[in-house]
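This report refers to the structure that appears directly beneath it.
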Protein chains: 2
Amino acid sequence: MQAKNQISTVSIIGSGNVATALSIALADCGVKIVDIFSPNIANSKLLASKIGCNFVDDIIKLNQNSDLYIIATPDKEIGNVILNLKEVTGVVVHTSGSEPITHLKKYIVNCGVFYPLQTFTIGNNVNFENIPICIEGSNESVTNMLSQLADKISNNVVVLNSEKRQYLHLTAVMVNNFTNHLYNIAHGVLLDNEIDFSLLHPLIKETASKINKVIPGDAQTGPARRKDEVTIEKHLQLLNNYPEYKKIYSLLSNQIIKKYND
Amino acid sequence: MQAKNQISTVSIIGSGNVATALSIALADCGVKIVDIFSPNIANSKLLASKIGCNFVDDIIKLNQNSDLYIIATPDKEIGNVILNLKEVTGVVVHTSGSEPITHLKKYIVNCGVFYPLQTFTIGNNVNFENIPICIEGSNESVTNMLSQLADKISNNVVVLNSEKRQYLHLTAVMVNNFTNHLYNIAHGVLLDNEIDFSLLHPLIKETASKINKVIPGDAQTGPARRKDEVTIEKHLQLLNNYPEYKKIYSLLSNQIIKKYND
């Protein structure tokens with residue numbers, strides 16, 4: 001069956017961070033969200049009331065004639081969700097960075113990926129305008145339709161195949177989750193030493209801003225960049241009470257030293 | 001000898017990133033920079049012309065009556081510089097995050113630390129207004145004098161002893177240098193796979209902005225946070241050609257898993 005040219009009605013599966021942010025963004029742009037299903041009834045009720053749509057307590061109760069079904073669940077649940085959407089006539093997409101489109105294609109002709117590359121937290125409203133939305137469709141018609149929809153909420157829509165999307169997701173984990181873990185380590189060490197973490201805020205902001213002006217390879221500074229072994233040794237001593245953090249300090253410093261000084 | 005109450009004249013030692021940023025910021029606030037010495041004659045000439053002061057080609061030619069001498073050199077050179085400033089009557093400070101004040105105190109009565117906590121790159125102008133400046137003085141009079149000077153260029157002046165400053169510097173390395181190394185890894189992996197690094201810019205910015213709203217421990221998301229071993233395994237496979245990056249991915253993921261799931 002041929003996919004429709006335009007998406008008028010959408011059903012959402014999921015009620016977590018991505019489902020919430022995406023539903024709100026779509027609804028705000030006039031896209032009709034028909035209904036929401038999530039095993040987390042409290043969350044889905046809340047989300048449905050926020051955007052003024054139905055919520056259903058069983059996936060088979062979802063409207064069977066929506067133009068689009070957006071699966072915004074944890075990756076491991078996508079497989080089960082698909083099995084319950086085999087009969088729908090609309091396009092089925094997931095929002096995962098790392099799941100290839102092939103899993104959907106096995107069961108559903110008109111399918112795709114709608115991956116918004118951002119970190120979402122319920123309660124923290126984000127402006128979708130600049131968020132990259134990575135689109136992949138099972139055929140050109142689906143790709144076009146998804147791109148049109150994405151264009152409504154973002155100025156940064158790209159068509160990307162599954163392999164490239166996986167690499168993008170991998171690097172997103174590095175610059176977001178791993179960076180946040182470094183913030184978390186810093187927060188803990190400063191707390192233990194009664195130093196205000198907010199002293200690091202301007203540095204954290206400037207570090208992130210620099211990518212607009214200079215590629216990261218040229219922005220690298222610090223003791224390891226200079227192979228300043230005295231300072232590195234001092235820092236390792238300071239981390240004697242934090243053996244796990246010491247491992248990170250060593251590994252990253254050694255890599256930077258190698259990259260710039262060997 | 002008692003230090004003067006206010007600093008009217010300053011001599012700068014160094015012409016690198018910190019020396020340049022600090023000299024310009026002080027001069028812009030009306031502080032009189034008298035002269036600059038740096039073994040890098042080209043750099044120091046350039047900097048001296050920028051702020052309209054003398055440059056000297058030997059440290060012993062520096063004005064001997066400045067109220068303040070700011071040593072903004074690599075840490076390992078501070079010791080040598082001090083030996084050449086033993087006779088001056090003004091206050092001598094360094095700008096290092098990790099050098100304790102004790103090294104200065106051995107030779108100079110009125111001394112201190114003037115540590116601006118930011119990443120500086122020549123050519124990239126920064127607004128000092130929000131940059132934390134960490135002050136330490138050999139006595140209260142020096143501390144007050146340095147604080148007054150710092151207040152002229154920043155709204156974020158804190159008095160911090162050497163031990164706390166060391167921890168602050170250690171964590172600054174983590175959130176700045178190590179984070180930038182993660183950006184650099186991401187940049188390289190994406191380049192190899194012909195994916196535009198700028199797709200990560202909004203995520204990088206949001207990750208850094210989140211610290212204003214939520215502590216890093218609560219902001220943690222991602223596969224390791226969820227103990228999503230399938231995705232982690234996929235990412236490790238993608239990194240098969242990057243054994244060094246794979247080590248970082250494993251180490252950081254395991255720490256996050258341990259922190260949130262064990």
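In what follows, chains carry the letters A, B, and so on, assigned in the order in which the sequence lines appear, proteins first and then strands, with residues in each chain numbered from 1.
Ranking K210(A), K247(A), E194(A) against chain B, the residue ahead of the rest is K210(A), based on heavy-atom pairs under 4.5 Å. Note on L190(B), V230(B), N156(B), N130(B): by heavy-atom pairs under 4.5 Å with chain A, the leading option is L190(B). In terms of heavy-atom pairs under 4.5 angstrom with chain A, the leader among V189(B), I256(B), I215(B) is I256(B). When each of L252(B), N254(B), T231(B), V126(B) is scored by its heavy-atom pairs under 4.5 Å with chain A, the top score falls to L252(B). Chain A forms the most heavy-atom pairs under 4.5 Å with one residue out of K258(B), E99(B), R225(B), and that residue is E99(B). With chain B as partner, the option from Q166(A), E163(A), R226(A) having the largest number of non-hydrogen pairs under 4.5 angstrom is Q166(A).
Note: N184(A) CG to I211(B) CD1 = 12.0 Å, rounded to the nearest 0.5 Å. A distance of 11.5 Å separates CG of L117(B) from CD of E206(A), quoted to the nearest 0.5 Å. Rounding to the nearest 0.5 Å gives a distance of 5.5 Å between CG of L168(B) and CG of L200(A). With values rounded to the nearest 0.5 angstrom, S98(B) atom OG is found 9.0 Å from L238(A) atom CG. Rounding to the nearest 0.5 angstrom, the gap separating the CG atom in L199(A) from the CZ atom in R165(B) is 13.0 Å. The distance from atom NZ of K205(A) to atom CG of N212(B), rounded to the nearest 0.5 Å, is 4.0 Å.
Across all non-hydrogen atoms, the minimal contact from K259(A) to Y245(B) is NZ-OH, 3.2 Å. Nearest heavy-atom pair, N193(A) versus K164(B), reported as atom, atom and distance to 0.1 Å: O-CE, 3.5 Å.
Interface residue S253(B): backbone and side-chain heavy atoms are both found under 4.5 Å from chain A. For H235(A), the parts lying under 4.5 angstrom from a heavy atom of chain B are both the backbone and the side chain. For a residue to count as touching a neighbouring chain, one of its non-hydrogen atoms must lie under 4.5 Å from one of that chain's; by this rule K213(A) touches chain B with the side chain only. For a residue to count as touching a neighbouring chain, one of its non-hydrogen atoms must lie under 4.5 Å from one of that chain's; by this rule V158(A) touches chain B with the side chain only. The contact between L170(B) and chain A is made by backbone and side chain atoms together, counting heavy-atom distances below 4.5 Å. Only the side chain of L251(A) comes within contact range of chain B, with at least one heavy atom under 4.5 Å from a heavy atom of that chain. Residue contact with chain A, scored on non-hydrogen atoms closer than 4.5 Å, involves the side chain of H187(B) exclusively. Both the backbone and the side chain of I248(A) come within contact range of chain B, with heavy atoms under 4.5 Å apart.
Residues of residues 74-82 of chain B that come closer than 4.5 Å to chain A, counting heavy atoms only, are D75(B), ordered by residue number.
Proximity of V173(A) to Y249(B): side-chain heavy atoms (C-beta onward) are separated by under 4.5 Å at one or more points. The shortest side-chain heavy-atom distance between L182(B) and L182(A) falls under the 4.5 Å cut-off. Looking at heavy atoms from C-beta onward, H169(B) lies out of side-chain contact with K234(A) at the 4.5 angstrom threshold.
Within 6.0 Å of atom CD in Q237(B), more than 12 heavy atoms from other residues, nucleotides or ligands are found, so the atom counts as buried in its surroundings. Summarising the local packing, OH of Y107(B) is surrounded by 12 or fewer heavy atoms from other residues, nucleotides or ligands at distances under 6.0 Å.
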Contacts table for residues 174-181 of chain A: side-chain donor-acceptor under 3.5 angstrom, sequence neighbours left out:
residue	atom	partner	partner atom	Å
N176(A)	OD1	T207(B)	OG1	3.2
N177(A)	ND2	T221(B)	O	3.0
N177(A)	ND2	T221(B)	OG1	3.2
T179(A)	OG1	V175(A)	O	2.9
N180(A)	ND2	P216(B)	O	2.9
N180(A)	ND2	Q220(B)	OE1	2.9
H181(A)	NE2	Q255(B)	OE1	3.1

